Amino acid sequence: MVLPFKHEPFTDFSNENKRREFEEGLRKVKEELGKDYPIVINGERFFTNDKLVSINPANKKEVIGHVSKATKEHIDKAFESSLEAFKLWGKMAPVARADILFKAAAIVRRRKHEFSAWLAFEAGKPWGQADGDTAEGIDFLEYYGRQMLDLVNGKPLEDRANEHNSYFYQPMGPGVTIPPWNFAFAIVCGTTVAPIVAGNPVLLKPSENTPVIAYKLVEVLEEAGLPKGVLNFVPGDPAVIGDYLVDHKETRFINFTGSRATGTRIIERASKVQDGQQHLKRVVAEMGGKDTIIVDKDADLDLAADAIVNSAFGFSGQKCSACSRAVLHKDVYHEVLEKAVRLTKELTVGNPTEKDVNMGAVVNKKQFEKVKEYIEIGKREGELVLGGETDDSEGFFVKPTIFKDVAPKARLMQEEIFGPVVAFAKADNFDELLEIANNTEYGLTGAVISNNREHLEKARYDFHVGNLYFNRGCTAAIVGYQPFGGFKMSGTDSKAGGPDYLQHFLEAKVVSERY
Ligand code: NAD
């Protein structure tokens, strides 16, 4: 019998013992900084001279690790090993495959704070955010294991006299997982183990910003008993191996999460049939967002300000679901803005490995420069109310920044910034609030803060996003509770952490027998 899925609880950092345990995790990881990490193919370790250098975004001088870069030859070798591993893994009982995920979840759970500490050092996550990222990774392991068990018997079909029909799922073969850096454990874990538990070998190409934590996942899955060759770890420079992985004739699927630009490139390239390719490639592409919280005239204004501030500045706005647009009814605009400014002033910015830091640095120099540029654009397009200061002397720090009176079609309201910047705009009535919310090319998350049931019901169907929230912020989806995926240019709406996710990596087969 499959036990019901239970979401991994978050750590209560108001408890002194828990804080000490977390500090212990940080100490342990600090001792391990600066090591060399290999490529892994068929369980074998390969070190190359050319390496990714992963650094702490809050302390540029601190090297997290050196990670060997895979070449095209490594990728060919990884595909060979995946094809060999598929012969056994694809036929292994789903219950045995799921057990490996459950064991991996237990291993991570035991070393939870250590994983979160890697996230604090390598991805710049404050304690609470890091803890949430690790918990989500554990949830993916537990949830997808259970989902596989649910699919073991396929689905029922109708039978006729003298005929029996069956409908069941089979894995597809090797595929490629390409995750982003912003959920450096959770998304890496979820996008890797879902195709694996479905019976497919995976080549994992982690983000160049956070390859060390991805390697830690590879180690856990090995410890949990994953056979050699089922997961091959091929870190590298995306400009060198990205297209090669996507174009490869042996790639059955690409499980991508990242920016719109990379996602659309992958979709286009994957559609081209290569010499010797005997299948169509499936692409799951979860991409960017320009997420809006709208605040109605009749609404809880404290809740509205709290939702905007948490969703805009949690993990420095570097979530695909981050609120970067607050669109308010004109009658409550000034009051909510004032409350939001007050709450934002309370946020501390600093090195997230230290306690009680609300916001760390942004991930790298490129992102820092991009956010700075948007702050300048914002000064031309609206009025800077708070923040705007940046400092990259030690790490890539940006103060939480609020602009007001921004026009609905301004660049600040249309383009994904992926930093701690939120634009406020006003509207005359609820229809206009919705119209502005829908006026970008993205459709990932959104929230409505309103006490008006009629308005909520209108938004239920007309607010065009994959994940819509009422009377709460627009971030923090939980596996099994809020399956996640966007509409429009936000992606293929795969609904990660949901009941239909594993089918993306399975082929349904029908067998009819005449008696
Ligand atoms: P990115 O597109 O720069 O990189 C994502 C991944 O693609 C990385 O592993 C990168 O190395 C790889 N890559 C880059 N070029 C490639 C190429 N030509 N071929 C193959 N792979 C290539 O995105 P990022 O900066 O890592 O992540 C931030 C973006 O991810 C934001 O746009 C954010 O909204 C989005 N995101 C979306 C979701 C979601 O569920 N919709 C979740 C998290 C992040």
Side-chain angles (χ1 to χ4, degrees), residues 38-44 46 70 74-92 94 96-98 100-101 104 137 140-141 144-145 147-148 169-180 183-207 211 213-236 238 241-242 244-258 266 270 279 281-286 494 496 501-507:
I39 299 156
V40 183
I41 299 171
N42 203 27
E44 252 185 89
F46 296 89
H74 288 116
I75 286 163
D76 287 339
K77 213 173 155 62
F79 272 111
E80 269 170 41
S81 113
S82 300
L83 286 163
E84 196 48 41
F86 183 51
K87 291 178 190 161
L88 276 180
W89 184 248
K91 297 218 167 63
M92 192 186 261
R97 298 198 300 249
I100 292 174
L101 267 60
F140 278 132
L141 288 160
Y144 291 143
Q147 285 304 310
M148 191 61 235
Y169 297 102
Q170 288 189 325
M172 302 161 74
V176 179
T177 290
I178 306 180
F183 281 83
F185 185 67
I187 294 184
V188 176
C189 180
T191 55
T192 301
V193 302
I196 282 182
V197 78
N200 308 288
V202 161
L203 277 73
L204 164 61
K205 193 217 71 61
S207 165
I213 181 98
Y215 178 78
K216 295 284 158 191
L217 172 72
V218 176
E219 282 184 334
V220 167
L221 289 165
E222 284 178 329
E223 189 185 335
L226 193 70
K228 290 186 168 79
V230 175
L231 174 56
N232 293 299
F233 182 61
V234 287
I241 59 168
Y244 195 72
L245 282 161
V246 171
D247 296 350
H248 207 285
K249 72 176 170 55
E250 298 298 354
T251 299
R252 264 58 174 186
F253 61 86
I254 298 132
N255 195 10
F256 169 80
T257 309
I266 288 175
H279 52 270
K281 293 174 186 172
R282 283 206 203 148
V283 182
V284 169
E286 293 307 310
S494 67
Y501 191 70
L502 291 192
Q503 271 98 329
H504 297 298
F505 314 104
L506 288 162
E507 286 174 334

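Just so it is clear, the model here is predicted, and its values are computed rather than measured.
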Evaluation steps, side-chain contact (heavy atoms from CB on, under 4.5 Å), between V176 and F79: CA-CA 10 Å; V176 179; F79 272 111; 4.0 Å; yes
Given side chains that start at C-beta, do those of [X] and [Y] come closer than 4.5 Å, heavy atoms only?
| X | Y | value |
| --- | --- | --- |
| F256 | E286 | no |
| Y169 | L502 | no |
| P201 | F86 | yes |
| P180 | I187 | yes |
| P227 | L88 | no |
| M172 | L506 | no |
| I178 | T257 | no |
| Y501 | Q147 | no |

Quick check against the 3.5 Å criterion: does [X] have a side-chain atom that pairs as donor or acceptor with the backbone of [Y]?
| X | Y | answer |
| --- | --- | --- |
| N200 | G90 | no |
| W89 | I196 | yes |
| K228 | E44 | no |
| R97 | M92 | yes |
| H504 | S494 | yes |
| K205 | F233 | no |

[X] and [Y]: which non-hydrogen atoms are nearest, and at how many Å?
| X | Y | result |
| --- | --- | --- |
| F253 | P195 | CZ-CB, 3.4 Å |
| G145 | V197 | CA-CG2, 4.4 Å |
| F505 | A194 | CE1-CB, 4.2 Å |
| S81 | G229 | OG-CA, 3.5 Å |
| D247 | K281 | O-NZ, 2.9 Å |
| A70 | I39 | CA-CD1, 3.6 Å |

Could you give me the CA-CA distance, side-chain angles and deciding distance for R282 and E507, then say whether side-chain contact (heavy atoms from CB on, under 4.5 Å) is met? CA-CA 11 Å; R282 283 206 203 148; E507 286 174 334; 3.7 Å; yes
Which one of V202, N255, L203 satisfies the side-chain contact (heavy atoms from CB on, under 4.5 Å) criterion with T192?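 Of the listed options, the one satisfying the test is V202.
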Do you know which of I213, T177, L204 makes side-chain contact (heavy atoms from CB on, under 4.5 Å) with V188?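 Among the candidates, only L204 passes.
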Pick one: which of T251, N232, N42 meets side-chain hydrogen bond (donor to acceptor under 3.5 Å, both in side chains) with S82?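 Of the listed residues T251, N232, N42, the side-chain hydrogen bond (donor to acceptor under 3.5 Å, both in side chains) partner of S82 is N232.
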Cationic N near anionic O, under 4.0 Å, E80 to K77: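 No, this pair does not count.
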